[in-house]
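Computed from a prediction, not measured in an experiment: that's the story for all the values here. One is the number of the first residue; the rest follow in order along the sequence. All heavy atoms count here, side chains included; hydrogens, waters and symmetry mates do not.
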Amino acid sequence: MTTGLALALALVLVMTLGPTKDQQSQADAGPLPMAPRLPAPKDAGPTPAVPAPSPEQLQQQPWMHKLAPGEKPPQFVLFSFDGAVSKQHWDKVLPIAREKKAHVTGLLSGVYMLADQDKMQYQPPAGLKRGVSDISFGGSKQDIAARIGYLNQVIDEGHEIGTHYNGHFCSGGTQPSVDKWDSKAWNEELAQFKQIVDRARAAGFKLADGAVRGGRTPCLEGNWDHAFPAMAANGLAYDTSKVALGVQWPSVQNGLYEFPMPEVRVPALGRQVVMMDFNLWYALNGARDEPHRATEFAQIVFDTYKSVHQAALNGNRAPLVIGNHFNEWNGSAFSNAMEQFLAYVCDKPETVCATYTEVIQWMQLQDPAVLDQLRRMPAARN
């Protein structure tokens with residue numbers, strides 16, 4: 001990671017766009033600063049647990065078993081989408097996932113489940129005014145009802161819904177932003193997310209109580225010594241906000257599994273970039289809209305994904321986090337690359353496209369000594 005690029009990304013103003021009333025095509029589109037790589041705390045905290053796989057799940061997922069001596073783990077690939085409410089993009093992702101027997105994770109921004117007329121129901125933390133959000137609310141009551149319908153399909157098909165919290169308060173926007181929040185503020189934000197989901201559940205949302213087991217913070221920001229204890233106290237089992245050099249196995253930090261975003265080499269650029277769609281766009285051309293270069297950018301991103309997958313498959317087999325938004329940036333270059341890679345990788349030999357909860361379930365089946373050995377392996381570098 002270069003200091004110049006990190007500073008440039010950290011100084012970019014928040015441009016997060018909420019869902020439009022018609023298609024929610026660029027939901028939760030915002031810059032993600034290149035967060036610093038942080039070591040695991042000395043006090044890892046208790047190992048979080050999720051429900052064990054059901055007999056039906058074990059039958060449908062033959063890879064869900066304890067490794068035999070000498071057996072390699074599957075190469076997990078974790079597709080995750082911040083915001084997660086664009087029907088236009090779910091309509092593209094779901095058929096591919098269905099065909100490839102893949103599961104993905106949508107990280108839901110809570111305010112997208114509140115109609116504009118109900119925005120005063122949201123009380124942001126840290127002294128922010130009621131009804132304030134740096135992304136838009138969810139449109140009309142009819143929009144919310146339609147959104148509940150298609151997100152229920154997402155859940156019915158075995159995909160996971162996590163949290164992207166609510167108001168998306170990044171360091172370049174409304175203050176105090178998430179990087180300044182203490183544990184009290186994170187507790188308040190999570191309580192608001194639960195209240196919003198509970199209201200949506202009363203309106204027919206199938207997201208079960210306790211099914212939200214983790215998430216990603218806005219702009220990958222947060223004071224983790226404050227954020228993680230609050231997340232664990234609210235029943236979360238994982239986070240996927242920190243950045244690690246290369247692809248690394250999840251470790252337990254302050255009572256949560258941390259699935260880090262990998263910083264990888266982009267072969268076409270010959271430099272390291274956090275493998276998140278906005279960071280890739282910024283590295284390619286400063287996040288300028290050049291839709292005539294969409295095919296070029298999509299190929300560069302797809303080739304990067306392939307390169308990193310191969311490095312992990314041939315290396316430590318650590319879960320590969322593919323972080324994205326549902327967006328149409330630069331002529332949909334990044335969404336197209338993600339969809340192409342989803343179709344390409346999920347039925348490759350020894351590769352499993354799974355949710356975060358499914359990977360944790362798999363880890364719970366393993367001998368702790370085996371997991372320790374995997375974590376000690378060098379990070380996969382492409």
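Taking the side chain as every heavy atom from C-beta outward, D239 and M231 approach each other to under 4.5 Å. Between L114 and K119 the shortest side-chain heavy-atom distance does not fall below 4.5 Å. Residues R381 and R265 form no side-chain contact, since every pair of their non-hydrogen atoms from C-beta on lies 4.5 Å or further apart. Side-chain contact check for V266 versus L280: some heavy-atom pair is nearer than 4.5 Å. Inter-residue side-chain proximity for P291 and F297 is flagged as unmet; no heavy-atom pair is nearer than 4.5 Å. Between P73 and L67, some side-chain heavy-atom pair lies under the 4.5 Å cut-off. Put simply, the side chain of L245 reaches to within 4.5 Å of the side chain of Q272, judged on heavy atoms.
Between N330 atom CG and E328 atom CD the span is 12.0 Å, to the nearest 0.5 Å. C353 SG to F79 CZ: the interatomic distance, rounded to the nearest 0.5 Å, is 5.0 Å. Here the OG1 atom belonging to T105 is positioned 8.0 Å from the CD atom belonging to E358, to the nearest 0.5 angstrom. Rounded to the nearest 0.5 angstrom, I161 CD1 and L207 CG are separated by 6.5 Å. The distance from the OG atom of S335 to the CG atom of D277 is 7.0 Å, given to the nearest 0.5 Å. Annotation: the span from Q61 atom CD to E56 atom CD amounts to 10.0 Å, rounded to 0.5 Å.
The six-membered or imidazole ring of F259 lies near that of Y356, with a centre-to-centre distance under 6.0 Å.
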Legend entry - Verdict with supporting geometry, L151 and W90, side chain to side chain contact (heavy atoms under 4.5 Å, CB included): CA-CA 9 Å; L151 288 180; W90 279 120; 3.7 Å; yes

Inset, instruction - Applying side chain to side chain contact (heavy atoms under 4.5 Å, CB included), run through K242 and W224 and close with a yes or a no. - result: CA-CA 9 Å; K242 290 190 182 183; W224 311 118; 3.4 Å; yes

Inset, instruction - Output, in order, the C-alpha distance, side-chain angles, deciding distance and verdict of salt bridge (charged side-chain N to carboxylate O under 4.0 Å, His left out) for K141 and D118. - result: CA-CA 9 Å; K141 293 275 193 181; D118 296 328; 2.8 Å; yes

Legend entry - D179 vs S171, side-chain hydrogen bond (donor to acceptor under 3.5 Å, both in side chains): CA-CA, chis, key distance, verdict: CA-CA 7 Å; D179 60 311; S171 57; 5.1 Å; no

Inset, instruction - List the steps and the verdict of side-chain hydrogen bond (donor to acceptor under 3.5 Å, both in side chains) for Q153 and E157. - result: CA-CA 6 Å; Q153 180 185 357; E157 295 194 20; 3.0 Å; yes

Inset, instruction - Walk me through it: do D182 and W186 pass the test side-chain hydrogen bond (donor to acceptor under 3.5 Å, both in side chains)? - result: CA-CA 7 Å; D182 58 15; W186 284 106; over 6 Å; no

Legend entry - Residues R376, D372; criterion salt bridge (charged side-chain N to carboxylate O under 4.0 Å, His left out); working and verdict: CA-CA 6 Å; R376 288 195 297 268; D372 288 342; 5.0 Å; no

Inset, instruction - List the steps, then state whether side-chain hydrogen bond (donor to acceptor under 3.5 Å, both in side chains) holds for Q88 with S86. - result: CA-CA 5 Å; Q88 173 181 331; S86 170; 5.2 Å; no

Inset, instruction - Kindly indicate, with the supporting measurements, whether the criterion side chain to side chain contact (heavy atoms under 4.5 Å, CB included) is fulfilled by R213 and E160. - result: CA-CA 9 Å; R213 300 191 179 102; E160 179 170 10; 4.3 Å; yes

Inset, instruction - Before giving the answer on side chain to side chain contact (heavy atoms under 4.5 Å, CB included), spell out for V321 and M275 the whole-Å C-alpha distance, their side-chain angles and the decisive distance to 0.1 Å. - result: CA-CA 8 Å; V321 175; M275 204 168 66; over 6 Å; no

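Here the side chain of R201 pairs no donor or acceptor atom with the backbone of V197 at under 3.5 angstrom. T304 places a side-chain N or O within donor-acceptor distance of the main-chain N or O of I300, the cut-off being under 3.5 Å. A donor-acceptor distance shorter than 3.5 angstrom exists from the side chain of R288 to the backbone of N285, with no hydrogens or angles considered. E339 contributes no side-chain N or O that, together with a main-chain N or O of N336, makes up a donor-acceptor pair within less than 3.5 Å. Proximity of a side-chain donor or acceptor of E188 to a complementary backbone N or O of P124 within less than 3.5 Å is not detected. Judged purely by atom type and a 3.5 angstrom limit, H89 uses its side chain to pair as donor or acceptor with the backbone of N327. Judged by distance alone, the side chain of R147 and the main-chain N or O of Y112 form a donor-acceptor pair under 3.5 Å. Using a distance-only test at 3.5 Å, with no hydrogens or angles considered, no donor-acceptor pair links the side chain of Q253 to the main chain of S251. Not one N or O on the side chain of S109 forms a donor-acceptor pair closer than 3.5 Å with the backbone of V111. The backbone N or O of D82 sits nowhere less than 3.5 Å from a side-chain atom of H325 that would complete a donor-acceptor pair.
Here the options are R130, Q192, E189, Q195, the test is side chain to side chain donor-acceptor pair (under 3.5 Å), and the partner is Y122; only E189 passes. Across K72, R317, Q75, a single residue satisfies side chain to side chain donor-acceptor pair (under 3.5 Å) together with E350, and that is R317.
Considering every non-hydrogen atom in both N279 and V274, the closest pair reads CB-O, 3.3 Å. The heavy-atom pair separating A232 from G255 by the smallest distance is CB-O, 4.1 Å. Counting all heavy atoms, side chain and backbone alike, Y165 lies closest to P218 at CD1-CD, 4.0 Å. In terms of heavy atoms, A294 sits closest to A333 at O-CB, 3.5 Å. Contact detail for L342 and A102: the closest heavy-atom pair is CD1-CB, 4.4 Å. Nearest heavy-atom pair, L128 versus P176, reported as atom, atom and distance to 0.1 Å: CD2-CD, 3.8 Å.
Surrounding CD of Q175 are more than 12 heavy atoms belonging to other residues, nucleotides or ligands, all under 6.0 Å away. Within 6.0 Å of atom NZ in K180, more than 12 heavy atoms from other residues, nucleotides or ligands are found, so the atom counts as buried in its surroundings.
In this structure, a donor-acceptor pair under 3.5 Å is present between the side chains of T351 and H309. The closest side-chain donor-acceptor pair between Q366 and K66, if any, does not fall under 3.5 angstrom.
Taking the six-membered ring where the residue is Trp, Y305 and F341 present tilted rings, their angle falling between 30° and 60°. A perpendicular orientation is assigned to the rings of F76 and W63, their planes being inclined by more than 60° (bins at 30° and 60°).
No path of Ile, Leu, Val, Met, Phe, Trp and Tyr side chains, each step under 4.5 Å between heavy atoms, connects M113 with M120, placing them in separate hydrophobic clusters. Following chains of ILVMFWY side-chain contacts shorter than 4.5 Å, one cannot reach W362 starting from L313, and the two form parts of different hydrophobic clusters. Tracing side-chain contacts under 4.5 Å through hydrophobic residues (I, L, V, M, F, W, Y), one reaches M377 starting from L371; they form part of the same cluster. In the hydrophobic clustering of this structure, L58 groups with I360; members are Ile, Leu, Val, Met, Phe, Trp, Tyr whose side-chain heavy atoms approach within less than 4.5 Å, directly or through other members.
Using a 4.0 Å cut-off between charged side-chain N and carboxylate O, D156 and K206 make a salt bridge.
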